[in-house]
Structure formats: C-alpha cells, structure tokens
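Below: the structure, in structure tokens.
Only heavy atoms go into these numbers, but all of them, side chains included; no hydrogens, no water, no symmetry mates. In this text, all values refer to a predicted model and were calculated from it rather than measured experimentally.
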Amino acid sequence: MIYGHIEHQKTNQYLPRVIQQCLAYLNETDLEALPTGKHIIDGENIFANVMEFETGDASSKQAEVHKEYVDVQCLIRGEERIQYSLEDEVNPIAKPYDEENDFYLVESMNQCNDVIMHPKMFAVFLPEEPHKPGCIVSQSGLIKKIVIKVHRSLLA
C-alpha cells in the first residue's frame with residue numbers, strides 16, 4: 001500500500017512511472033466535474049471508476065481483494081477511512097473470485113490498519129492486498145471518489 005497526496009510532487013516523483021501517470025491524470029482533470037461511472041484512460045490497461053456513496057460502519061463491510069488490477073484510490077469530496085492489511089493466506093474467503101469484476105471478498109483481515117482519506121489524497125493497493133474502502137471516519141457522510149484501475153502488467 002502506498003499513501004500520499006496527489007500534489008506532493010517531491011515525493012511522488014519516486015513512484016513507478018505508471019502511478020505517476022495516474023497522479024498526473026488526477027491533477028489535470030476537474031475531478032469534481034467528472035460524472036459517476038467508468039472513464040477510459042488507456043483501454044483496459046488503465047481506466048477509472050467514479051462513484052458517490054455514503055460511508056458505512058467498517059464492521060458491516062467485507063474487505064475486497066484484486067488479482068489483475070492495482071487500485072489507485074483518490075478521494076474527491078468528503079472523508080473516508082480505508083482499512084487494509086498485507087496479503088495473508090489465512091484470510092477466510094467470503095465471496096469467491098469474480099473474474100469479470102476482478103475481486104473476491106474476505107471475511108476478516110489480520111493485522112488491520114487504517115488510513116484516513118481527505119480530498120486529493122490517494123492510496124495505492126496492489127493485487128492481493130485486502131482493503132475495505134468507504135468506512136466512516138467520525139460519522140456517515142456522502143463521499144465522491146475515483147478509483148483508477150491499472151493492470152498489474154504495467155508495473156512488472
């Protein structure tokens with residue numbers, strides 16, 4: 001997991017080139033004006049999903065895990081807690097792998113950590129890293145976020 005702010009160029013210059021490309025897209029795009037839904041950046045190699053929803057209690061959610069795509073999650077509006085952990089073979093699977101949507105769900109995460117997201121902050125989750133986005137920070141609220149999906153082959 002990588003955590004940062006899209007405008008922190010001194011730090012972000014050390015990230016892989018494809019992640020820098022994603023951050024450039026985030027900096028050059030009017031994120032507030034982006035409609036919800038899928039936005040193609042580079043075919044199926046890089047695309048973005050924009051969504052708006054209410055944050056919920058972490059205990060009512062299950063963590064998601066991807067196999068093919070890296071998530072570059074960036075908050076546009078509101079505040080959000082994302083729980084995450086490292087890859088762990090003992091995380092019990094709650095929902096089997098959905099190949100079309102590239103995810104499976106796990107019931108729990110060992111050594112769970114939290115990251116608090118504010119507008120223009122980003123978190124990168126690599127394949128096989130469980131993460132639980134959309135959790136309440138202090139109280140439920142409407143958030144808008146963008147998740148750029150980067151095919152794992154672009155990081156190899």
> For N101, does its backbone N or O pair with a side-chain atom of D98 as donor and acceptor, under 3.5 Å?
Replying inline: yes
> Does any non-hydrogen side-chain atom of Q73 lie less than 4.5 Å from one of Y3?
Replying inline: no
> Can you name the closest pair of heavy atoms from P130 and L86 and give their distance?
Replying inline: CD-O, 3.6 Å
>> Pair M51, V147 - check side-chain contact (heavy atoms from CB on, under 4.5 Å), show working.
In response: CA-CA 8 Å; M51 57 202 83; V147 179; 3.8 Å; yes
> Just one of V70, I46, L23 clears the side chain to side chain contact (heavy atoms under 4.5 Å, CB included) bar with V18, so which one?
Replying inline: I46
>> Just verifying a value: how many Å separate N12 CG and K10 NZ, rounded to the nearest 0.5 Å?
In response: 12.5 Å
> Between OG of S85 and CG of N110, what distance do you get to the nearest 0.5 Å?
Replying inline: 6.5 Å
> Ignoring hydrogens and geometry, is there a side-chain-to-backbone donor-acceptor pair from N113 to Q111 under 3.5 Å?
Replying inline: yes
>> If you apply the rule side-chain contact (heavy atoms from CB on, under 4.5 Å), what do you find for R81 with V115, and how did you get there?
In response: CA-CA 6 Å; R81 176 185 312 277; V115 62; over 6 Å; no
> How many angstroms lie between atom OG1 of T29 and atom CG of L34, to the nearest 0.5 angstrom?
Replying inline: 6.0 Å
>> Once rounded to the nearest 0.5 Å, what's the spacing between atom CD of E100 and atom CZ of F103?
In response: 10.5 Å
> What's the shortest heavy-atom distance between C74 and M117, and which atoms?
Replying inline: CA-CE, 4.4 Å
> Would you say E32 has more than 12 foreign heavy atoms packed within less than 6.0 Å of its CD?
Replying inline: yes
Per-pair distances, 0.1 Å, donor-acceptor, side chain in residues 133-142, under 3.5 Å, sequence neighbours excluded:
{"unit_1": "S138", "atom_1": "OG", "unit_2": "E79", "atom_2": "OE2", "d": "3.2"}
{"unit_1": "S140", "atom_1": "OG", "unit_2": "E54", "atom_2": "OE1", "d": "3.1"}
{"unit_1": "S140", "atom_1": "OG", "unit_2": "T55", "atom_2": "O", "d": "2.8"}

>> Under 4.0 Å between a side-chain nitrogen and a carboxylate oxygen: does that hold for E80 and K145?
In response: yes
> Is V65 reachable from I93 through a run of I, L, V, M, F, W or Y residues, each pair having side-chain heavy atoms under 4.5 Å apart?
Replying inline: yes
>> Quick test of your reading of the model: are E44 and K38 salt-bridged, counting only N-O distances below 4.0 Å?
In response: yes
>> Can you confirm whether K149 sits close enough to D71 that some side-chain heavy atom of one is under 4.5 Å from a side-chain heavy atom of the other?
In response: yes
> Would the H131 and H66 ring centres measure less than 6.0 Å apart?
Replying inline: yes
> Once you round to the nearest 0.5 Å, how far does CZ of F47 lie from CD1 of I148?
Replying inline: 11.0 Å
> Using 4.0 Å as the upper bound for N to carboxylate O, is an ion pair formed by E52 and K144?
Replying inline: no
>> Can you give me the closest heavy-atom contact between Q62 and V106, atom names plus distance?
In response: CB-O, 3.5 Å
>> Tell me whether L15 shares a hydrophobic cluster with I41, the cluster being built from Ile, Leu, Val, Met, Phe, Trp, Tyr side chains joined at under 4.5 Å.
In response: yes
> Under 4.5 Å between any side-chain heavy atoms of L75 and I143, yes or no?
Replying inline: yes
> Measuring from Y69:OH to N45:CG, what's the distance to the nearest 0.5 Å?
Replying inline: 7.0 Å
> Would M109 end up clustered with I116 when hydrophobic side chains under 4.5 Å apart are linked, directly or stepwise?
Replying inline: no
Please set out all donor-acceptor pairs under 3.5 angstrom arising from side-chain atoms of residues 119-128, sequence neighbours excluded.
{"unit_1": "K120", "atom_1": "NZ", "unit_2": "E7", "atom_2": "OE2", "d": "2.8"}
{"unit_1": "E128", "atom_1": "OE1", "unit_2": "Y104", "atom_2": "OH", "d": "2.8"}

> What heavy-atom pair brings N27 and I6 nearest, and what distance separates the two atoms?
Replying inline: ND2-O, 2.7 Å
>> Same cluster or not: V150 versus L31, using hydrophobic residues (I, L, V, M, F, W, Y) connected whenever any side-chain heavy atoms lie under 4.5 Å apart?
In response: yes
>> Between D102 and K67, does any side-chain N to carboxylate O distance fall below 4.0 Å?
In response: no
> Hey, is the main chain of I146 close enough, under 3.5 Å, to the side chain of N49 for a donor-acceptor pair?
Replying inline: no
>> For a quick test of reading the model, state the closest non-hydrogen atom pair linking D57 to S60 and the distance between them.
In response: O-OG, 2.7 Å
>> Test of understanding: clusters of I, L, V, M, F, W, Y form through side-chain heavy atoms closer than 4.5 Å, transitively. Do L155 and V72 belong to the same one?
In response: yes
> Is the shortest heavy-atom distance from the side chain of E64 to the side chain of K132 under 4.5 Å?
Replying inline: no
